[in-house]
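As the structure is a prediction and not an experimental result, all values here were calculated from the model.
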Amino acid sequence: MQLETLDATIRDYIKEMESGYEQRFQELKKQIKETEWKYLEIKERYDLLIYKKFGRSAEQILANEKQPPLFNTEVDFREEDKESRQEDFSEIKSYTRKKAGRKPIDPRLHREEKIIDIPEDEKICACGANLTKIGEETSEKLHIIPPRIYVERTVRPKYACRCCEGTEDEGTGAVHIAPVEPTIIPKSIVSPSLLSTIIVQKFEDHLPYYRQEKQFERIWVKISRQDMSNWQQQAYKRLLPLFGLLNMSVKSGPVIQMDETTVQVMGEEGREDTQKSYMWLARGGPPGKTVVLYEYRQTRGAYNAKEFLSGYSGYLQTDGYEGYDAAVKGMPGIIHVGCFAHARRKFYEASKAINKPQSAEEGIKHIRKLYALEDELRSQNLDDNTFLNERKARAGPILEKFKAWLTKRQEEVPPTLLLGKAIHYSLAQWEKMTAYLESPYLTPDNNACENAIRPFVLGRKNWLFCKSPEGAESSCGMYSLIQTAKQNGIIPFQYLMALFEKAPLANASEDWENLLPWNIFTA
């Protein structure tokens with residue numbers, strides 16, 4: 001009996017030990033798996049950083065890409081992977097190679113003809129008959145004349161009466177002189193052309209004022225960077241009624257696209273100079289009258305977007321920043337729309353950093369089909385109802401397959417890896433991203449807004465920071481004028497020239513409406 005008890009005790013002990021070992025084995029197995037995922041996560045981050053620094057910046061997967069992604073030495077090109085890659089790119093459209101040779105010079109440029117003819121005595125044939133012109137050969141050369149700079153000297157003659165010396169006409173005074181013409185910046189050397197040149201060079205050509213100061217010195221003109229900055233401020237204050245109209249106009253259309261980017265502003269009250277502030281951008285307005293409006297704010301808080309959107313009703317298209325969700329909360333008149341381009345970007349980044357890029361490229365393939373469909377339908381110039389019905393009918397199956405693929409891969413890929421993040425982002429934003437199907441004025445992405453904010457980002461690399469909050473606000477105004485002009489097919493310099501000439505004469509609301517880009521050349 002004691003032996004049986006001892007035997008049972010030993011068996012129980014062995015089972016307990018085996019159970020403990022099994023549990024410990026499973027724990028170690030789980031830890032190893034987690035360590036592998038952590039290693040892959042860190043490696044993906046490293047590979048992506050290296051690719052962003054040295055690789056192609058264009059978000060494009062090449063059809064003939066035979067080599068592994070840059071700096072990724074662990075790609076396994078198995079036979080099924082090669083077949084998958086060939087299948088992915090089977091829809092790439094063919095193209096016609098352009099003819100070699102120099103492109104013709106734009107026919108809109110002024111031409112001055114120079115004729116090189118043979119002497120008159122050579123126009124007689126050896127038989128004695130006059131030669132007949134049978135054709136000609138032409139060639140073109142492009143000439144550039146440096147900008148013409150001159151000083152406009154305004155003379156206002158004075159008149160007075162030598163007989164009564166003005167005593168007989170006390171109402172008008174003794175001296176008669178023509179009134180001063182109103183200018184955008186009174187009592188200065190600034191002309192509309194000079195101010196337009198300065199503003200365009202900084203906010204369109206990204207040339208800071210200190211560089212412009214050096215340029216002016218080379219042509220014997222002394223204009224300090226401080227003068228240029230002061231002129232910018234004065235012009236902005238004079239045009240405040242116009243910016244109010246732009247603000248109203250951007251909210252009068254069916255769609256507003258918004259984005260934001262950082263900016264460093266010096267001298268903000270209660271803040272360090274090293275703290276980041278933000279430039280917010282809104283693109284909207286009625287069809288054919290697009291407005292791009294910049295606004296400076298100290299933070300990225302959702303209340304900034306909420307304040308701007310006050311009184312607006314329509315579609316708001318943005319990226320996945322959660323602040324926009326918070327901003328439209330409690331605003332039933334606004335329908336929030338997402339952006340497929342941001343989802344595509346995450347899949348693209350994943351394709352450049354993971355061992356098997358085919359999985360990420362599969363996601364890109366689905367999104368590419370949506371864009372191909374959009375381009376096809378837009379090119380047909382369909383009426384709104386036909387376009388919407390056709391887009392919904394043909395995009396529906398594509399979206400269903402894409403979502404099914406996302407749902408399946410979500411269970412297979414850890415959410416910490418780049419592909420997992422791309423899948424999670426797409427599923428989390430799915431309702432907002434597919435909302436573009438509801439309006440003909442919506443597109444699959446927010447790229448038009450991002451393209452409008454890009455000039456500010458390029459300029460920021462040159463001028464680095466704004467010296468004051470007032471300077472940041474006036475910079476917003478100048479960027480808004482230039483980008484709005486471009487969106488409406490107007491050359492920024494021509495618009496600013498006309499604006500600075502006519503703005504000093506504007507008083508009533510109707511006068512300012514006539515200075516909007518789509519009205520200024522027809523009013």
Side-chain angles (χ1 to χ4, degrees), residues 108 110 144-156 178-209 211-213 215-246 291-292 294 455 459 470-471 473-523:
R108 292 174 293 183
H110 171 70
I144 295 181
I145 300 174
R148 177 173 174 255
I149 298 176
Y150 68 96
V151 178
E152 181 184 71
R153 185 168 179 264
T154 302
V155 179
R156 295 186 297 143
V180 177
E181 292 181 341
T183 59
I184 187 70
I185 301 177
K187 300 180 180 180
S188 71
I189 65 170
V190 177
S191 65
S193 60
L194 175 60
L195 186 57
S196 300
T197 299
I198 291 172
I199 297 300
V200 167
Q201 286 193 147
K202 179 174 182 181
F203 297 102
E204 174 67 4
D205 301 331
H206 323 302
L207 199 63
Y209 286 149
R211 295 185 189 173
Q212 294 193 50
E213 182 180 3
Q215 281 188 339
F216 283 122
E217 288 178 356
R218 291 199 295 268
I219 55 176
W220 309 297
V221 176
K222 292 184 178 181
I223 302 177
S224 70
R225 64 194 77 175
Q226 188 60 52
D227 283 340
M228 289 184 271
S229 179
N230 291 338
W231 295 340
Q232 172 188 321
Q233 292 296 116
Q234 294 178 58
Y236 170 74
K237 291 179 180 178
R238 182 69 182 89
L239 298 174
L240 283 176
L242 181 64
F243 295 122
L245 291 177
L246 290 175
V291 176
V292 176
Y294 285 79
E470 294 77 16
E473 290 178 359
S474 62
S475 294
C476 286
M478 299 304 120
Y479 274 114
S480 299
L481 293 176
I482 289 176
Q483 294 305 317
T484 300
K486 291 171 63 177
Q487 292 286 327
N488 289 274
I490 302 173
I491 297 174
F493 180 82
Q494 293 180 351
Y495 175 62
L496 292 182
M497 269 281 292
L499 178 61
F500 294 151
E501 286 177 352
K502 298 179 179 181
L505 304 174
N507 293 307
S509 176
E510 182 180 355
D511 297 334
W512 289 106
E513 289 181 1
N514 290 334
L515 298 183
L516 292 169
W518 46 87
N519 293 334
I520 195 166
F521 294 111
T522 59

Trainee: Is the shortest side-chain heavy-atom distance between Leu516 and Thr484 below 4.5 Å?
Mentor: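 Not touching, per the 4.5 Å side-chain cut-off.
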Trainee: Sequence neighbours excluded, which residues qualify as side chain to side chain donor-acceptor pair (under 3.5 Å) partners of Asn230?
Mentor: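 Checked Asn230 against side chain to side chain donor-acceptor pair (under 3.5 Å); matches are Gln226.
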Trainee: So Ser480 and Val292, do their side chains get closer than 4.5 Å, heavy atoms only?
Mentor: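 They are not in contact (no side-chain heavy atoms under 4.5 Å apart), so the answer is no.
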Trainee: Do Leu207 and Gln215 have side-chain heavy atoms sitting under 4.5 Å apart?
Mentor: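 Yes. Closest side-chain heavy atoms under 4.5 Å.
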Trainee: Would you list the pairs meeting salt bridge (Lys or Arg N to Asp or Glu O under 4.0 Å) in which at least one residue belongs to residues 474-494, sequence neighbours left out?
Mentor: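 As it turns out, the salt bridge (Lys or Arg N to Asp or Glu O under 4.0 Å) pairs with a partner in residues 474-494, which skip direct neighbours, are Glu204-Lys486.
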Trainee: Might you point out which heavy atoms bring Ile223 and Met228 nearest each other, and give the distance in Å?
Mentor: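 Looking at all heavy atoms of both residues, the shortest contact is CG2-CG, 3.7 Å.
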Trainee: Do we get Arg211 above Tyr209's six-membered ring, with its NZ or CZ under 6.0 Å from the centre and within 45° of the axis?
Mentor: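 Judged by the rule (NZ or CZ under 6.0 Å from the ring centre, within 45° of its axis), Arg211 is not positioned above Tyr209.
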Trainee: Check step by step if side chain to side chain contact (heavy atoms under 4.5 Å, CB included) holds for Leu242 and Leu499.
Mentor: CA-CA 10 Å; Leu242 181 64; Leu499 178 61; 3.8 Å; yes
Trainee: What do the steps show when you test Phe203 against Leu481 for side chain to side chain contact (heavy atoms under 4.5 Å, CB included), and what is the final call?
Mentor: CA-CA 10 Å; Phe203 297 102; Leu481 293 176; over 6 Å; no
Trainee: Got a sec, which residues hit ring pair (Phe, Tyr, Trp, His ring centres under 6.0 Å) with Phe500, two or more places apart in sequence or on another chain?
Mentor: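 In terms of ring pair (Phe, Tyr, Trp, His ring centres under 6.0 Å), with neighbours along the sequence ignored, Phe500 is linked to no residue.
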Trainee: For Glu217, is there any backbone N or O sitting under 3.5 Å from a side-chain donor or acceptor partner on Lys222?
Mentor: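 Flag not set: sc Lys222 to bb Glu217 has no pair under 3.5 Å.
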Trainee: In chain order, what residues pass the salt bridge (charged side-chain N to carboxylate O under 4.0 Å, His left out) check against Arg156, with sequence neighbours excluded?
Mentor: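 By the salt bridge (charged side-chain N to carboxylate O under 4.0 Å, His left out) rule, Arg156 matches no residue at all.
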Trainee: Specify the closest pair of heavy atoms between Ile185 and Gln234, including all atoms of both residues, with the distance to one decimal.
Mentor: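 Closest approach of Ile185 to Gln234: CG2-OE1, 3.1 Å.
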Trainee: Calculate, to the nearest 0.5 Å, the distance between atoms CZ and OG1 belonging to Arg238 and Thr183 respectively.
Mentor: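 Arg238 CZ to Thr183 OG1: 10.0 Å, rounded to 0.5 Å.
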Trainee: The criterion is side chain to side chain donor-acceptor pair (under 3.5 Å); which residues satisfy it with Ser191, sequence neighbours excluded?
Mentor: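 With sequence neighbours excluded, Ser191 shows a side chain to side chain donor-acceptor pair (under 3.5 Å) to Ser193, given in chain and number order.
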Trainee: Measure across Gln212 and Thr197 and return the closest heavy-atom pair with its distance rounded to 0.1 Å.
Mentor: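 Between these two residues, the closest heavy atoms are OE1-O, 4.4 Å.
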Trainee: Report the residues that fulfil salt bridge (charged side-chain N to carboxylate O under 4.0 Å, His left out) with Glu470, sequence neighbours left out, ordered by chain and then residue number.
Mentor: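 Result, salt bridge (charged side-chain N to carboxylate O under 4.0 Å, His left out) vs Glu470: none returned.
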Trainee: Going by ring pair (Phe, Tyr, Trp, His ring centres under 6.0 Å), name the residues that satisfy it together with Tyr236, two or more places apart in sequence or in a different chain.
Mentor: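 Phe243.
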Trainee: Contact between Trp512 and Leu515 at the side-chain level, heavy atoms closer than 4.5 Å - yes or no?
Mentor: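 When only atoms from C-beta onward are counted, Leu515 and Trp512 do touch, with a gap below 4.5 Å.
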Trainee: Quick one: do Leu496 and Ile482 satisfy side chain to side chain contact (heavy atoms under 4.5 Å, CB included)? Show the steps, please.
Mentor: CA-CA 8 Å; Leu496 292 182; Ile482 289 176; 4.3 Å; yes
Trainee: How would you list, by chain and number, every residue that makes a ring pair (Phe, Tyr, Trp, His ring centres under 6.0 Å) with Tyr495, sequence neighbours excluded?
Mentor: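 Once residues adjacent in sequence are excluded, Tyr495 has no partner under the ring pair (Phe, Tyr, Trp, His ring centres under 6.0 Å) criterion.
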Trainee: What pairs with Ile219 under side chain to side chain contact (heavy atoms under 4.5 Å, CB included), at least two apart in sequence or on another chain?
Mentor: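 Here the qualifying residues are Ile149, Phe216, Val221.
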Trainee: Under the salt bridge (Lys or Arg N to Asp or Glu O under 4.0 Å) rule, what pairs show up with a residue in residues 506-520, not counting sequence neighbours?
Mentor: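 Non-adjacent pairs meeting salt bridge (Lys or Arg N to Asp or Glu O under 4.0 Å): zero.
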Trainee: Might you point out which heavy atoms bring Gln232 and Gly471 nearest each other, and give the distance in Å?
Mentor: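 Nearest heavy atoms, Gln232 then Gly471: NE2-O, 3.7 Å.
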Trainee: I'd like to know if the side chain of Ser196 and the backbone of Met497 have a donor-acceptor N/O pair within less than 3.5 Å.
Mentor: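 Yes; at least one donor-acceptor contact below 3.5 Å.
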Trainee: Between CD of Glu501 and CD of Glu181, what distance do you get to the nearest 0.5 Å?
Mentor: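 If I round to the nearest 0.5 Å, the distance is 10.5 Å.
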Trainee: Can you list the residues that meet the side chain to side chain donor-acceptor pair (under 3.5 Å) rule with Glu213, with sequence neighbours excluded?
Mentor: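 By the side chain to side chain donor-acceptor pair (under 3.5 Å) rule, Glu213 matches Arg225.
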Trainee: In terms of relative ring orientation, are Tyr294 and Tyr479 parallel, tilted or perpendicular, with 30° and 60° separating the classes?
Mentor: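 Plane angle between 30° and 60°, so tilted.
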Trainee: Under the rule for side chain to side chain donor-acceptor pair (under 3.5 Å), what residues qualify as partners of Asp227, not counting sequence neighbours?
Mentor: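 Residues passing side chain to side chain donor-acceptor pair (under 3.5 Å) with Asp227: Ser224.
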Trainee: Once rounded to the nearest 0.5 Å, what's the spacing between atom CG of Asn519 and atom CG of Asn488?
Mentor: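 The distance works out to 10.0 Å.
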Trainee: What distance separates Leu239 CG from Ser474 OG, expressed to the nearest 0.5 Å?
Mentor: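 Rounded to the nearest 0.5 Å, the CG-OG separation comes to 11.0 Å.
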Trainee: With heavy-atom distances below 4.5 Å as the criterion, would you say the side chains of Val200 and Asp205 are in contact?
Mentor: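 Touching, per the 4.5 Å side-chain cut-off.
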Trainee: Where do Ala485 and Pro492 come nearest, in terms of heavy atoms and distance?
Mentor: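 In terms of heavy atoms, the two residues are closest at CB-CA, 4.4 Å.
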Trainee: Taking all non-hydrogen atoms of both residues into account, name the closest pair between His206 and Pro455 and its distance.
Mentor: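 Closest approach of His206 to Pro455: CE1-O, 3.3 Å.
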Trainee: Just do the side chain to side chain contact (heavy atoms under 4.5 Å, CB included) check on Leu195 and Ile184 with the steps written out, would you?
Mentor: CA-CA 9 Å; Leu195 186 57; Ile184 187 70; 3.8 Å; yes
